[in-house]
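For reference, the structure discussed in these notes is given below.
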Amino acid sequence: KTGSINVGYWKDPYLDYFVRLPKERKAPEISRGYYARVQGVGRLLKAFLQKTECNCQIINLGAGMDTLFWKLKDENLLPIKYFEVDFPSIVTRKIHNIKSKPPLSKPIMESHSGESLLMDAHSLDSSRYAIVGADLRELPKLEEKLKKCNMDPDLPTLLLAECVLIYMTQDHSANLLKWVAGMFQAAMFINYEQVNMSDRFGQIMVENLQSRKCSLVGVDDCRSLDSQKERFLQNGWETANAIDMMKAYNCLPKDDVRRIEALEFLDEKELLEQLMQHYCLCWATKDSSNLGEDMLWQGSP
Ligand SMILES: C[S@@+](CC[C@H](N)C(=O)[O-])C[C@H]1O[C@@H](n2cnc3c(N)ncnc32)[C@H](O)[C@@H]1O
């Protein structure tokens, strides 16, 4: 994301504290893809926050160095509690950055109230923000750790997974989706990741990622928009929607598109389209969090 921020696609004053800025520019089609992703996820997320009036919790699964907590704090849109989950080694690195950089630690302190804040090398639990070191494939331990940080099954809950489920086997991600559907009264799940991976372009993407030692054990669920929806409907979710990122891009406000398209010249429109057709935004709901496609993607071409 950092390369695209440098060129001015969008602002994220916090990412810099976690990730070293790359010297080289990203290809414009990649930056436009990132832009559509950030805007698309943001649109679903804000609809959920608005609908629940922020009386909800967010659980960011496989959050990595994501900075959403700080951006929501700046926009006065913090949920009752925001959780992040990732492997303990990633969590330790993230906490080290938070502890050593006041622009990251201050907002956590400011939003904290009540008992003393827990922050050591491996865990962080404040009243509004917690980072949990856990493996998403080990559900009993995950549940125990989240509950210890006051996760509330009765609160409307938004689960977010960006480029995470593809790294888990079909069985492991199905178990995770089933666990979430069974755990919360009202929930929405936003999943952003690859799609259409069985066509020629998709196969090349898989080969490229595998050559970088990324093991895509969940790629079978990324065959099509239908397979992305099915995994939710088969695991306890009531509604599921999926759009490819070309559709998300085409639904961006015209002024936004004019602005970002003026930032860099794009030679290969076809490559942009192919790339965008191989990532998708999928959202599933259960109970009252019924956010249909019509409401969120009005004006689509
Ligand atoms: C490609 S990164 C995406 C990070 C972040 N969601 C983003 O979009 O910037 C995938 C993340 O998922 C985490 N992850 C993958 N499998 C996991 C598992 N079984 N348990 C916990 N975290 C996992 C990785 O450690 C990594 O941080």
Side-chain angles (χ1 to χ4, degrees), residues 1-5 9-10 12 14-22 26 30-31 33-42 44-45 58-72 82-98 104 122-123 130-146 149 151 158-180 189-195 197 205-206 208-210 212-219 221-222 245 248 278-283:
K1 289 179 189 169
T2 46
S4 325
I5 291 169
Y9 282 81
W10 78 93
D12 184 339
Y14 300 105
L15 197 57
D16 227 7
Y17 297 115
F18 289 116
V19 191
R20 222 176 306 130
L21 291 176
K26 288 261 181 265
I30 295 187
S31 292
Y34 270 132
Y35 187 79
R37 164 183 169 181
V38 170
Q39 298 301 315
V41 171
L44 290 164
L45 184 90
I58 295 178
I59 307 180
N60 192 336
L61 303 166
M65 298 300 138
D66 199 284
T67 57
L68 182 60
F69 168 79
W70 291 270
K71 290 185 278 179
L72 291 177
Y82 181 96
F83 302 84
E84 290 184 349
V85 181
D86 211 302
F87 287 124
S89 58
I90 304 285
V91 162
T92 303
R93 233 176 69 205
K94 190 159 192 174
I95 293 176
H96 172 77
N97 281 315
I98 293 173
L104 297 176
H122 312 289
S123 49
I131 310 186
V132 173
D135 188 327
L136 297 169
R137 295 166 298 187
E138 296 174 5
L139 298 171
K141 274 196 206 152
L142 175 67
E143 181 173 331
E144 188 192 318
K145 288 183 180 180
L146 284 168
C149 296
M151 176 189 79
L158 176 70
L159 290 299
L160 182 60
E162 291 187 70
C163 298
V164 176
L165 299 185
I166 194 167
Y167 297 108
M168 299 168 64
T169 63
Q170 274 185 301
D171 281 351
H172 281 131
S173 64
N175 288 342
L176 177 66
L177 301 185
K178 209 180 289 167
W179 173 78
V180 175
F189 199 115
I190 303 176
N191 181 36
Y192 169 88
E193 68 179 355
Q194 290 86 342
V195 74
M197 295 308 272
M205 281 171 67
V206 172
N208 281 343
L209 284 161
Q210 276 168 345
R212 286 194 264 144
K213 303 242 178 319
C214 290
S215 167
L216 307 177
V217 289
V219 76
D221 278 327
C222 304
M245 295 314 289
H278 287 81
Y279 283 91
C280 72
L281 198 50
C282 187
W283 63 102

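Every number for a ligand or one of its atoms is a count from 1 in the order of the listing. Fair warning: this is a prediction, and the values are worked out from it, not measured in the lab. Any value given below was found using the heavy atoms of this structure, including those in side chains, with hydrogens, waters and symmetry copies removed.
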- Determine whether the side chains of D221 and Q170 contain a donor N or O and an acceptor N or O closer than 3.5 Å. yes
- Query: Which ligand 1 atoms are under 4.0 Å away from a heavy-atom of G64?
  - Reply: 27 (O)
- Message: To the closest 0.5 Å, what do you measure between CD1 (I59) and CG (L158)?
- Response: 9.0 Å
- For ligand 1, is R37 a contact, meaning one of its heavy atoms is under 4.0 Å away? yes
- Which one of V91, N60, D66 satisfies the side-chain contact (heavy atoms from CB on, under 4.5 Å) criterion with D86? V91
- Ignoring angles and geometry beyond distance, decide whether L136 reaches within less than 3.5 Å of ligand 1 through its nitrogen or oxygen atoms. yes
- Query: Given A63, A134, G62, which has its nearest heavy atom closest to atom 21 (C) of ligand 1?
  - Reply: A134
- Task: Run the numbers for me: atoms of ligand 1, each under 4.0 Å from some heavy atom of I90, listed by number.
- Result: 25 (O)
- Side chains of L159 and L177: closer than 4.5 Å at any heavy-atom pair? no
- Query: Would you say M151 and F83 make side-chain contact, with heavy atoms under 4.5 Å?
  - Reply: yes
- Note: ligand 1 atoms sitting under 4.0 Å from heavy atoms of V164 are 12 (O)
- Item | D135, any N or O under 3.5 Å of ligand 1 N or O | yes
- Assert yes or no for the condition that the ring centre distance of F18 to W70 is strictly below 6.0 Å. yes
- Query: When only distance counts, is Y167 in polar contact with ligand 1, meaning an N/O pair under 3.5 Å?
  - Reply: no
